[in-house]
Amino acid sequence: MSERPAFYITTPIYYVNDVPHIGHAYTTLACDVLARFKRLDGYDVMFLTGTDEHGQKVEKSAEKAGVPPQEFCDRVSARFGELAEAMDFSNDQFIRTTETRHRVSVQHLWKVLEDKGFIYEDSYAGWYSVRDEAFYSEDELSDGEGGEKLAPSGATVEWVEEPSYFFRLSAMQDKLLALYEDQPEFVKPKSRLNEVRSFVSGGLQDLSISRTSFSWGVPVPGADGHIMYVWIDALANYLTAVGYPDEGSDAYSAFWPADVHMIGKDILRFHAVYWPAFLLAADLPLPDRVFAHGWWTNEGQKISKSLGNVIDPFELIESYGLDAVRFYLLREVPFGNDGDFSRTSFVQRCNADLANGIGNLNNRTLGLIVKNCNGAVPKPNDFTKEDNELLSSIDNLIEDVRAHMDNQAFHKAFETIWQQASAADSYISVQEPWKLKKTDPERMITVLYVLAEVIRQLAILIQPIMPDAADKLLNGLGIGDQERSYEYLGADYRLKPGTTISKPGVIFPRLEMPVTEGTSE
RNA sequence: GGCGAAGUAGCUCAGUUGGUUAGAGCACCGGAAUCAUAAUCCGGGUGUCGGGGGUUCAAGUCCCUCCUUCGCUACCA
């Protein structure tokens, strides 16, 4: 085991009844950036993602596709693996709930909960619509012409009862409220904590956690015909991945409890209420934080399959390049808020910050060095006040960036970094090295050195969000693979004079604005 | 209906415990420069801080009220 501090971050496991879309890419990207940041910052990181593969919908979809459920899962799960590859995600594991290790883990967790008295058998009853495959509560129903009950969809419903095991969620209310009180950052953003608190304050009903009406799931130990129903099965993946039920394993002792469960706001309750309730009941340590991010709209429209405006991450990468896609998604919108995806804002953002910003800064600086310093990093003379101001602000930048990253405030972290790129542009305009070439070549050398050093640190800092572009920038400055962690930020590892510099290529291509469509609707 | 959040520049948003002429980025306009992917730099605000009332020497910031928008209000994930 290493001496480094551990950091465990998870995405939700994605349901294989769906194909990968921008929402999946977004959640996992946020985790990827944080995971990469933490690795560079000296942490031993476990970054987990995967797929949720059980349930009636999967069973039905497989049937429809004419393949066994497992084969269906293999097929769809692979698509999420392809997304991870296309997005250059650095996950350490890809868990699937159909794996044996997960069955063992979740059955063990079940038994623990049962032994501690949190599980009991009863029957689950309600108004069920066969057509909608869903239960409805009494107040959602309306009366049909023949006196029968109708669902909001207009489908007829019938009263059904099936035996089911229940989890005593109702017994956890006080403990949960105490959790939100004692650990107010357990749920972020804060508005989500308010929602959760108000939900729990209103009282909790016990949770039905098994089914007998279908069979694609983890069998309930010692209860023939029962399979586990979604929550315990799905959420327990976070434990499985680090070795549970072997609480003495290296992975478990290093990584549990998780530091951040990253989720979309749609599954907040399950992570902020059910999950800690299960863990409290099982006497297991609780994760530090559940972060619920917002949703994307597409050009102002709500995204839905029926509207046909789903954003395909593969297509985006194809159109704009991976660096731009990764950057835009986490820079454009305050993380936690909903955001609107638009081609115009995409192109504007990427051109302004990437092509015209860091890309241009790199190009003009290295271009001047190649032309005027024999293609090598020059040896600087004494730094002036202006030089020291620029250098010291970038030497200390990691402090602010780290604080923002620890709050999952990605947009602020990047804003902080880009402010320095902007400061470097101001600096180069004031110093005018292209004029110094004739008037004071020694001074020119120092100015170009300062600029190149700023680029070195900027490139190190942006590795988490744009690993590929950062790699190109660092290669351009001759920075070796072993000199790219955050240890190498600051004044102690300044750029080495003499390093060969060649004419820079275009790292951030300028994107074309989308053709404006006619104003007619 | 109940609970909660929010309404600040054309757009997206910052505005600590109330305290000098309300800020940033983008967009826009003007000027400069020409090393660079025609990129960059400097300057420029045109805001009834949702409406109304109140507390205060002083309110975007506190109180009341009204309007608008959004979220949550349990077993699809």
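In what follows, every chain begins at residue 1, and chains take the letters A, B, ... in the order their sequences are listed.
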Of F199(A) and A421(A), the one whose nearest nucleotide on RNA chain B sits closer to the 5' end is A421(A)
Heavy-atom nearest nucleotide on RNA chain B taken for F270(A) and for D338(A); more 5' hit belongs to D338(A)
Rounded to whole angstrom, note down the [atom1] distance from [N] over to [M].
| N | M | atom1 | value |
| --- | --- | --- | --- |
| rC66(B) | rU56(B) | P | 23 Å |
| rU73(B) | rC11(B) | P | 31 Å |
| rA22(B) | rC13(B) | C1' | 14 Å |
| rU21(B) | rC49(B) | C1' | 15 Å |
| rC63(B) | rA6(B) | P | 12 Å |
| rU61(B) | rG15(B) | C1' | 9 Å |

Are the ring centres of [X] and [Y] closer than 6.0 Å?
| X | Y | answer |
| --- | --- | --- |
| Y274(A) | F167(A) | no |
| H271(A) | Y238(A) | yes |
| Y120(A) | Y165(A) | no |
| F118(A) | F278(A) | no |

Least distance between heavy atoms, S215(A) atom then E59(A) atom = N-OE2, 3.1 Å
When every non-hydrogen atom of L169(A) is compared with those of A277(A), the smallest separation belongs to CD1-CB, 3.5 Å
Checking all strands, does L268(A) fall into the base, sugar-phosphate, or nothing category for heavy-atom contacts under 4.0 angstrom?
-> nothing
Indicate, with a heavy-atom threshold strictly under 4.0 Å, whether R349(A) touches base, sugar-phosphate, or nothing.
-> nothing
Quick one: look up who rC3(B) pairs with, Watson-Crick or G-U, both distances under 3.5 Å, and put none if it's unpaired.
-> rG71(B)
Across all strands shown, which nucleotide pairs with rA27(B) by Watson-Crick or G-U wobble geometry, both distances under 3.5 Å?
-> none
Considering only heavy side-chain atoms of N194(A), the closest of rA5(B), rA77(B), rC75(B) is rA5(B)
Verify the contact: side-chain N or O of Y229(A) to OP1 or OP2 of rA77(B), cut-off strictly under 4.0 Å; return yes or no.
-> yes
N/O (side chain, S426(A)) to phosphate O (OP1/OP2, rC42(B)) under 4.0 Å | yes
How does each nucleotide of nucleotides 29-38 of chain B score, in 5' to 3' order, for protein heavy atoms under 4.0 Å: base (B), sugar-phosphate only (S), or none (-)?
-> -----SBBB-
Is it true that D340(A) and K302(A) make a salt bridge, defined as a side-chain N closer than 4.0 Å to a carboxylate O?
-> no
